[in-house]
S.K.: 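Take this structure, written in structure tokens, and hold onto it; I'll ask about it next.
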Amino acid sequence: MSQAIKEAVGAKTEVKTYRNYIGGKWVPSRTGRTFESTNPAHKAEVLGVLQQSDMRDVDAAIEAASKAFAGWRRTPAPARGEIVLKAGIILEARKEELARLMTQEMGKVLKEARGDVQEAIDMAKYAAGFGRLPHGETVPSELRHKWAMTVRVPLGVVACITPWNFPMAIPSWKILPALMGGNTIVFKPASDTPIIATKLVEILEEAGLPSGVLNLVTGSGSEVGDPLVQDPRVAGISFTGSTAAGRQIAELAGRNLKRLGLELGGKNAIVVLDDADLPLAVDGALWAAFGTTGQRCTAASRLIVDKKVEKDFTDLLQERAAKMRVGDGLQPDTDMGPVINEAALKKVHEYTEIGKKEHARLVHGGDFAGDQGWFYRPTIFADGRKDMRMAQEEIFGPSTLVMPVNGLDEALEVANSTQYGLSMSIYTNDLRKAFHAMDEMQSGLVYVNAPTIGAEIQLPFGGVKNTGNGHREAGTVALDEFTEWKTIYVDYSGRLQRAQIDTALGE
Ligand code: UN1
């Protein structure tokens with residue numbers, strides 16, 4: 001029964017309280033304080049009560065993770081993989097239930113929530129296989145009777161700090177490879193989506209993860225995140241969120257020379273050349289700008305279009321946006337759900353005001369869409385220029401800017417004109433232009449004739465410039481963020497052999 005129906009029939013609503021998971025036990029916070037998780041499509045609907053933790057809970061979680069480390073590090077990687085695979089199988093069996101919960105807690109439409117859970121299932125199946133892959137190299141030594149090789153070793157206790165926009169997929173990109181690398185974890189999920197994060201932890205527990213290997217602490221960035229990243233017992237941090245928060249974490253982590261993987265903001269662009277398949281480009285732009293209500297770090301908030309086709313493109317896009325239904329993502333006819341919370345709604349609208357002041361031309365939307373939830377209309381501005389704030393700053397909502405250009409060179413120059421570099425795409429049927437763009441686009445992901453969103457887990461994910469710090473998640477390199485290399489030499493000659501000095505040619 002939905003909250004609305006319960007209220008209508010006067011039924012008493014039972015709201016579940018969720019706890020932290022520390023050392024294999026579900027425990028309340030030492031603060032005695034709690035916070036609520038609500039449904040962004042029905043502001044009044046409380047989905048659950050969560051622990052408002054502080055540094056004491058963080059301390060207990062780090063302690064538990066530190067204690068569990070020796071046992072987990074020594075657990076053979078194939079055995080670690082069995083647990084991760086089992087978690088994937090449980091996720092698969094519970095996909096629909098988890099997707100529905102995700103739509104309620106995060107707001108994305110149901111088919112996208114299914115995709116989010118699917119991304120975690122894919123990651124579990126993929127990461128489980130790491131347990132049986134080579135984890136180093138053997139390399140010839142310069143000297144006789146000597147072996148040289150490398151092995152991956154875990155970092156130790158790692159902190160996984162995750163955002164609300166992919167509340168199942170992104171934690172799985174971090175937690176599962178970190179586990180496969182032999183690390184133990186303190187997981188701090190975003191406070192907008194703590195229930196779905198709790199479900200992921202429950203599933204890993206059910207799959208057989210030993211006590212203390214994964215610990216969950218819910219609460220704010222200042223009370224949980226800050227002490228977590230500053231604690232000297234935490235060897236590595238993996239964070240996805242805003243560039244401002246990432247910069248702060250990097251400063252704190254830098255003082256202690258911690259391993260740090262950052263996945264930060266984006267201002268992604270779709271380039272549409274005059275020879276492009278225009279309806280295809282419009283399909284892509286609509287999906288990349290308004291899918292997940294524009295709340296993907298890969299969302300296309302800039303549409304850089306050749307002047308020769310810009311009017312047709314914009315008209316078509318406007319027509320399509322006008323048909324989009326905004327509402328509760330559980331309703332099958334909803335095309336776009338709410339934004340995550342009131343602050344996000346205000347921010348999106350603030351950028352509408354900024355766009356108008358900067359004389360961008362409002363083509364569609366620019367207004368709220370009902371007050372039951374945090375709804376905003378799909379918003380399109382045109383006549384964009386690269387010096388506009390709308391063209392430079394991440395909005396993280398359903399707002400996009402059409403930017404007219406003359407030809408490929410100007411398109412690429414505009415595309416590369418921000419501090420970010422996560423995802424870019426080009427629509428063209430000219431092979432030479434496509435390859436030129438692939439070479440020149442300053443971004444971690446490049447798509448040809450496809451939108452900026454929709455990365456697959458078997459390839460590396462991450463960005464350049466201020467989008468990150470050089471790390472990549474997922475793909476064959478997923479373990480790089482969570483392991484160190486150990487180089488081992490074994491000399492069985494029985495005598496002192498000096499590298500670079502003794503020649504191996506003689507006996
Ligand atoms: C994000 O928005 O932070 O490529 C991740 C995509 C998704 C992941 C997005 N697979 O759009």
Side-chain angles (χ1 to χ4, degrees), residues 65-85 88 123-160 172-185 209-210 212-214 232-238 253 256-262 457-462 468-507:
S66 306
K67 278 204 188 116
F69 178 56
W72 186 243
R73 173 171 75 81
R74 295 188 184 117
T75 302
R80 298 199 288 255
E82 293 299 327
I83 295 172
V84 168
L85 181 61
M123 193 67 203
K125 291 179 177 172
Y126 183 71
F130 291 164
R132 292 182 192 271
L133 285 179
H135 73 151
E137 297 176 309
T138 55
V139 180
S141 163
E142 299 169 13
L143 297 160
R144 288 167 193 252
H145 308 305
K146 187 178 173 191
W147 274 45
M149 59 202 138
T150 59
V151 288
R152 280 188 192 276
V153 291
L155 303 179
V157 177
V158 301
C160 296
S172 81
W173 297 357
K174 298 186 190 301
I175 290 171
L176 303 179
L179 290 175
M180 290 310 301
N183 303 279
T184 55
I185 299 170
L209 209 59
V213 171
L214 172 63
R233 293 167 293 175
V234 173
I237 301 158
S238 183
N256 291 315
L257 302 176
K258 288 182 194 226
R259 179 71 70 87
L260 174 65
L262 295 174
I457 61 93
Q458 66 277 23
L459 289 96
F461 182 93
N469 63 343
H471 282 277
R472 292 291 180 271
E473 301 192 277
T476 52
V477 298
L479 286 181
D480 292 354
E481 192 180 345
F482 299 106
T483 53
E484 304 254 23
W485 286 110
K486 184 183 276 185
T487 304
I488 304 175
Y489 299 99
V490 181
D491 188 325
Y492 63 99
S493 68
R495 59 176 191 270
L496 174 68
Q497 299 196 90
R498 295 166 299 179
Q500 295 92 37
I501 296 170
D502 295 331
T503 164
L505 292 176
E507 188 40 42

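When a residue number appears, it is its place in the shown sequence, counting from 1. Hydrogens, waters and symmetry mates are skipped; everything else that's a heavy atom, side chains included, is used.
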S.K.: Out of curiosity, R132 CZ to M180 CE, how far, rounded to the nearest 0.5 Å?
M.R.: 9.5 Å
S.K.: Check for a donor-acceptor pair, side chain of K258 on one end and backbone N or O of V234 on the other, with a separation under 3.5 Å.
M.R.: yes
S.K.: Would you check if S238 and W173 make a side-chain contact, meaning some heavy-atom pair closer than 4.5 Å?
M.R.: no
S.K.: To the nearest 0.5 Å, what is the distance between CD (E473) and CD1 (I457)?
M.R.: 12.0 Å
S.K.: Is there a side-chain contact between Y126 and T476 (heavy atoms, below 4.5 Å)?
M.R.: yes
S.K.: Grab the two heavy atoms, one from D491 and one from G494, that are nearest each other, plus how far apart they are.
M.R.: OD1-N, 4.2 Å
S.K.: Carefully, step by step, assess F482 and K174 under the rule side-chain contact (heavy atoms from CB on, under 4.5 Å).
M.R.: CA-CA 9 Å; F482 299 106; K174 298 186 190 301; 4.3 Å; yes
S.K.: Kindly compute the distance separating CD1 (I83) from CH2 (W72), expressed to the nearest 0.5 Å.
M.R.: 4.0 Å
S.K.: To check you understand the geometry: which heavy-atom pair defines the closest contact between A253 and I237, and what is its length?
M.R.: CB-CD1, 3.8 Å
S.K.: Passes side-chain contact (heavy atoms from CB on, under 4.5 Å), R472 versus F461? Steps please.
M.R.: CA-CA 5 Å; R472 292 291 180 271; F461 182 93; 5.9 Å; no
S.K.: Salt bridge between E481 and R259, side-chain N to carboxylate O under 4.0 Å?
M.R.: no
S.K.: With rounding to the nearest 0.5 angstrom, report the CD1 to CD1 distance, I185 to I175.
M.R.: 5.5 Å
S.K.: Taking all non-hydrogen atoms of both residues into account, name the closest pair between V84 and A127 and its distance.
M.R.: CG1-CB, 4.4 Å
S.K.: Between N256 (side chain) and P232 (backbone), is there a donor-acceptor pair under 3.5 Å?
M.R.: no
S.K.: Can you give me the closest heavy-atom contact between G181 and P154, atom names plus distance?
M.R.: O-CB, 3.1 Å
S.K.: Would you say the side-chain atoms of D502 pair up with the backbone N or O of Q497, donor to acceptor, closer than 3.5 Å?
M.R.: no
S.K.: Can you tell me how far CG of L209 sits from CZ of R80, rounded to the nearest 0.5 angstrom?
M.R.: 11.0 Å
S.K.: Do any N or O atoms from the side chain of N183 and from the backbone of V157 form a donor-acceptor pair under 3.5 angstrom?
M.R.: no
S.K.: Side chain to side chain contact (heavy atoms under 4.5 Å, CB included) with E137: which of V151, T487, T150?
M.R.: T150
S.K.: Locate the shortest heavy-atom distance separating F69 from G182; write the atom from each residue and the value.
M.R.: CE1-O, 3.2 Å
S.K.: What is the minimum heavy-atom distance between A128 and G81, and which atoms define it?
M.R.: CB-O, 3.4 Å
S.K.: Verify the neighbour count for atom CH2 of W147: are there more than 12 heavy atoms of other residues, nucleotides or ligands below 6.0 Å?
M.R.: no
S.K.: Roughly how far, to the nearest 0.5 Å, is the NZ atom of K146 from the OH atom of Y492?
M.R.: 12.0 Å
S.K.: Is there side-chain contact between H471 and L262, with heavy atoms separated by less than 4.5 Å?
M.R.: no
